[in-house]
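Structure first, commentary second.
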Amino acid sequence: SWLKRAKCGAVKNAAFLPFCEYVRQCLRQAGVAPLSEAEEAEVGSELAPLLGQWRRVVVFFALRALLAPLWEALLLLDRLLFLGERGHLAALVPLFDPALSPR
């Protein structure tokens, strides 16, 4: 659908804009017709309770970013042990320069 292909580039001062204004600018950048006042009001009323939870989203993504390397290492070690238990010779070998690709 067009929505999957629509990209919203950087919106100037996005952190200081009301959400409805942010949406207007994103729609304009994506070349999509703006919402009517009724649609804007409906979207605003549905999202108002959710917008108050932005701090929880930030905390979730920060924890995810902090714990992802640990989780990935545990999964790799689990697979290594699984192969070792089955009699296979296995080793974890870094293939890529971590400065270029952290994974």
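Please read these numbers as outputs of a predicted model, since none were measured by experiment. Throughout, residue positions are numbered sequentially from 1 according to the sequence presented.
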Hey, could you give me the [atom1]/[atom2] distance between [X] and [Y], rounded to the nearest 0.5 Å?
X: L81; Y: L76; atom1: CG; atom2: CG; result: 11.0 Å
X: C20; Y: L51; atom1: SG; atom2: CG; result: 8.5 Å
X: E72; Y: L77; atom1: CD; atom2: CG; result: 12.0 Å
X: L80; Y: H88; atom1: CG; atom2: NE2; result: 12.0 Å

* Tell me whether L17 is reachable from F19 by hopping between hydrophobic residues (I, L, V, M, F, W, Y) whose side-chain heavy atoms are closer than 4.5 Å. =>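 Cluster IDs for F19 and L17 match.
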* Using the rule that two of Ile, Leu, Val, Met, Phe, Trp, Tyr join whenever any of their side-chain heavy atoms come within less than 4.5 Å, decide whether L92 and L75 are in one cluster. =>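 Hydrophobic grouping puts L92 apart from L75.
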* Asked: Between the main-chain N or O of L50 and the side-chain N or O of Q53, is there a donor-acceptor pair closer than 3.5 Å?
  -> no
* Co-members of V58 in a cluster of I, L, V, M, F, W and Y side chains, linked at under 4.5 Å -> W54
* Minimum heavy-atom distance V11-C26, with the two atoms named ->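 Nearest pair, atom of V11 first, then C26: CG2-SG, 3.9 Å.
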* To do: Might you confirm whether atom CG of L95 has over 12 heavy atoms from other residues, nucleotides or ligands at distances under 6.0 Å?
  => yes
* How about P18 and Y22: do any of their side-chain heavy atoms sit closer than 4.5 Å? -> no
* Given side chains that start at C-beta, do those of V43 and V23 come closer than 4.5 Å, heavy atoms only? -> no
* Asked: R24: what forms a salt bridge (Lys or Arg N to Asp or Glu O under 4.0 Å) with it, not counting sequence neighbours?
  ->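 Per chain and number, R24 pairs via salt bridge (Lys or Arg N to Asp or Glu O under 4.0 Å) with E21, E40.
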* To do: Using the salt bridge (Lys or Arg N to Asp or Glu O under 4.0 Å) rule, collect all pairs that involve residues 75-90, keeping only residues at least two apart or in two chains.
  => none
